[in-house]
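Okay, structure first, notes after.
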There are 2 protein chains.
Amino acid sequence: MLQHSKQLIIAIVDDHPIVIEGLKNLLSSETGFEIVSFTTGADFLNYLRTNDADVVLLDIVLPDINGLELCKDLKKKHPDMTILAISNQAERSIIVQMLQNGASGYLLKNASADELLDCIDKGMRGEQALSSEAREIMSRPATNDWNGIPSLTKREKEILRLISDGFSSTDIAEKLFLSQLTVETHRRNIIQKFQTNNMFSVIKLAIEHKII
Amino acid sequence: MLQHSKQLIIAIVDDHPIVIEGLKNLLSSETGFEIVSFTTGADFLNYLRTNDADVVLLDIVLPDINGLELCKDLKKKHPDMTILAISNQAERSIIVQMLQNGASGYLLKNASADELLDCIDKGMRGEQALSSEAREIMSRPATNDWNGIPSLTKREKEILRLISDGFSSTDIAEKLFLSQLTVETHRRNIIQKFQTNNMFSVIKLAIEHKII
DNA sequence: GATATACTACCGGTTTTCTGGTATATTTCC
DNA sequence: GGAAATATACCAGAAAACCGGTAGTATATC
């Protein structure tokens, strides 16, 4: 099915040992694959300092790093790496974000073995690789007026997280050694980016789209 | 590790082929286990009409039936069956419900292979079998003022939902034909129930605990 | 019939957020 | 090097939320 001159390295990054075992098992039917696995993003990044990987099967929910962020990072540092997201998250917006962040494909965890192998194949050939359910979600008419998730800066995310934890602008200003007025400027920009009228709805949207 | 006169049948009920593969792989190191697997509750129930199972590894999120309900059913019809829940749900309330419904144990999906085997062993000996993280969750009512999620009344939920959609108290009052002062009383009660200082953190908690 | 819970409503005062500006460093990227 | 994005900071006024009370009605529940 796949032909390569050198041995391909597939990295699995998922915090569920059971899932790792399953993936290894499914991939073991293919020869010529070297498989390495990690349960945290940090472990994988550490590995990459001295090693390489051709294909990454990346879970979105990780204990230390958000898979969306990790994907962006990885693509920046290793543009040739093929990243396939493997997740339970079936929300359209998350799939879109993942693809925007450089992922070659998106697999729901209920994908079959055949689909998995097919997606790896497609991904490495540079095609977009979606599992059947992911494809179904993406092909549904864009039901909503919500065409795109605003991207927040680091600072904005930081402040939004603190707001959602119940801190007021003055609290946050103290915590981050900023003027309270600066924090309020950030608040305003965040609300504007979400095109909504107050922070309450921003928090809801941000959590639902896994931005915080 | 385990000694039995007859061959034990382990049933895996999980809608993720990858997880099934993983579990099979992990259990294959043990001899004397016959393993059957199903991706829906209906499939498993159907199988049980002509067959038997000694141990069930049961996912809570299934496409057709809620794992909590299924567990209750199974225990009623097959009291000797050992049921171990395997789930991503890390909420205390869900673990409690599952054990009340007759499950012998609860494993988070990030459990290791050793834990899995240990739990199966414990479960069949009639002991309670929790994975380390599940045990950790269960053993921390130490933070006692927070015994789970506060229960909101119908009205409170309704108002909380509207707040999270960006409506102000006056908006909501108009919408629900109430005095704006009434809405604000509800707000205060909601915040009090969550024992927090403002609505921002309430919304975060409410979404995370699937109240809204 | 008594008690508890939920829903409704009000007052007064304080704090915080929101809105509309403007503006200057600093960092990032082409 | 220069443009764009990001982070910082300020002012002032309006709107909304938050806080600590109190209290009547209605509806269950025991």
Side-chain angles (χ1 to χ4, degrees), chain A residues 68-69 72-79 97 100-102 148-207 211-212, chain B residues 145 147-207 211-212:
Chain A
L68 290 162
E69 296 295 321
K72 208 173 179 178
D73 272 17
L74 288 173
K75 264 291 168 181
K76 207 157 140 193
K77 293 184 203 153
H78 311 266
Q97 274 184 84
Q100 277 173 354
N101 286 0
I149 312 95
S151 65
L152 298 184
T153 67
K154 224 173 159 186
R155 202 52 147 177
E156 286 167 345
K157 276 183 201 166
E158 188 177 19
I159 287 171
L160 185 51
R161 260 184 224 110
L162 290 168
I163 293 170
S164 75
D165 282 335
F167 294 102
S168 71
S169 292
T170 42
D171 292 341
I172 296 170
E174 249 180 62
K175 248 188 161 60
L176 302 182
F177 306 106
L178 293 175
S179 158
Q180 172 239 9
L181 297 158
T182 303
V183 177
E184 286 181 357
T185 301
H186 283 302
R187 285 183 95 115
R188 218 171 343 141
N189 293 334
I190 294 170
I191 291 173
Q192 239 164 26
K193 281 190 178 179
F194 277 85
Q195 294 182 90
T196 176
N197 41 337
N198 62 34
M199 265 297 159
F200 300 118
S201 49
V202 168
I203 289 176
K204 187 191 174 193
L205 292 168
I207 293 177
I211 292 173
I212 54 172
Chain B
D145 32 9
N147 318 332
I149 321 109
S151 65
L152 298 184
T153 67
K154 222 174 159 184
R155 202 52 148 178
E156 286 167 346
K157 276 183 203 166
E158 189 177 17
I159 288 172
L160 186 52
R161 258 183 227 111
L162 290 168
I163 293 170
S164 75
D165 283 335
F167 295 102
S168 71
S169 291
T170 42
D171 292 340
I172 296 170
E174 249 180 62
K175 245 187 162 59
L176 303 181
F177 306 105
L178 293 175
S179 159
Q180 172 238 14
L181 296 159
T182 303
V183 177
E184 286 181 356
T185 302
H186 283 302
R187 286 183 94 114
R188 227 180 324 148
N189 293 335
I190 294 169
I191 291 173
Q192 240 164 26
K193 282 190 178 179
F194 277 85
Q195 295 182 97
T196 176
N197 41 336
N198 62 34
M199 262 298 158
F200 300 119
S201 48
V202 168
I203 289 176
K204 187 191 174 194
L205 291 168
I207 294 177
I211 293 174
I212 53 173

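Throughout, protein chains are lettered first and strands after them, A, B, ... in sequence-line order, and every chain is numbered starting at 1. What you see below is based on every heavy atom in this structure, not just the backbone, and it leaves out hydrogens, waters and symmetry mates. As the structure is a prediction and not an experimental result, all values here were calculated from the model.
- Nearest approach of A:Thr196 to A:Ser201, heavy atoms of both residues: OG1-OG, 2.6 Å.
- Of the residues in residues 154-182 of chain B, those with a non-hydrogen atom less than 4.0 angstrom from any atom of DNA chain D are B:Ser168, B:Ser169.
- Regarding B:Ile203, its CD1 atom lies at a distance of 12 Å from the C1' atom of D:dA17, rounded to whole Å.
- A distance of 9.0 Å separates CD in A:Glu69 from CD in A:Gln97, rounded to the nearest 0.5 Å.
- Separating the CD1 atom in B:Ile212 from the CD1 atom in B:Ile207 is a distance of 4.5 Å, to the nearest 0.5 Å.
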Would you be so kind as to tabulate the donor-acceptor pairs closer than 3.5 Å made by side chains of residues 158-166 of chain B, with sequence neighbours excluded?
residue: B:Glu158; atom: OE1; partner: B:Arg155; partner atom: NH1; Å: 2.9
residue: B:Ser164; atom: OG; partner: B:Arg161; partner atom: O; Å: 2.8
residue: B:Asp165; atom: OD1; partner: A:Lys204; partner atom: NZ; Å: 2.6

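- Residue whose closest nucleotide on DNA chain C sits further toward the 5' end, between B:Leu152 and B:Arg188: B:Leu152.
- In summary, contact between chain B and DNA chain C, defined as any nucleotide atom under 4.0 Å from a heavy atom of the protein, begins and ends at C:dA6 to C:dC10 in the 5' to 3' direction.
- Results of the side-chain hydrogen bond (donor to acceptor under 3.5 Å, both in side chains) test with A:Glu184 over A:Arg187, A:Arg188, A:Gln180 single out A:Gln180 as the only residue that passes.
- Not one N or O on the side chain of B:Asn189 forms a donor-acceptor pair closer than 3.5 Å with the backbone of B:Gln192.
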Checklist entry - Would A:Lys75 and A:Asn101 satisfy side-chain contact (heavy atoms from CB on, under 4.5 Å), going step by step from the backbone distance to the final call? => result CA-CA 8 Å; A:Lys75 264 291 168 181; A:Asn101 286 0; over 6 Å; no
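- In this structure, A:His186 does not reach the D:dA7 phosphate: none of its side-chain N or O atoms is under 4.0 Å from OP1 or OP2.
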Checklist entry - Given the rule in the side-chain contact (heavy atoms from CB on, under 4.5 Å) test, do B:Thr153 and B:Lys193 qualify, once you have shown the distances and angles that lead to the verdict? => result CA-CA 11 Å; B:Thr153 67; B:Lys193 282 190 178 179; 4.0 Å; yes
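- Here D:dA17 presents its P atom at 12 Å from CD1 of B:Ile190, a figure rounded to the nearest Å.
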For nucleotides 24-30 of chain D, give me every protein contact, N/O to N/O, under 3.5 Å, one pair per line with atom names.
none

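- Each of B:Thr153 and B:Asn198 has a nearest nucleotide on DNA chain C; the 5'-most of these lies closest to B:Thr153.
- For the atom pair CD1 (B:Ile203) and CE (A:Met199), the distance works out to 11.5 Å, reported to the nearest 0.5 Å.
- Distance CD1/B:Ile172 to OG/B:Ser169: 5.5 Å, rounded to 0.5 Å.
- Nucleotides of DNA chain D nearest to B:Thr185 and B:Phe200 differ in position, and the one nearer the 5' end is that of B:Phe200.
- Recorded end-axis angle for the helix from C:dG1-D:dC30 to C:dC30-D:dG1 stands at 70°, based on five pairs per end and rounded to 10 degrees.
- Without hydrogens or angle criteria, A:Asp171 side chain to A:Glu174 main chain gives no donor-acceptor distance under 3.5 Å.
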Checklist entry - Would A:Phe194 and A:Leu152 count as a side-chain contact (heavy atoms from CB on, under 4.5 Å) if you check the C-alpha gap in whole Å, the side-chain angles of each, and the deciding distance to 0.1 Å? => result CA-CA 10 Å; A:Phe194 277 85; A:Leu152 298 184; 3.9 Å; yes
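- B:Asn189 comes within 4.0 angstrom of no nucleic acid atom, judged by non-hydrogen atoms across all strands.
- Under the rule for a ring-ring contact (aromatic ring centres under 6.0 Å, His included), A:Phe167 has no partner lying at least two apart in sequence or in another chain.
- Remark: C1' of D:dG21 and CD of B:Glu184 are 14 Å apart, rounded to the nearest angstrom.
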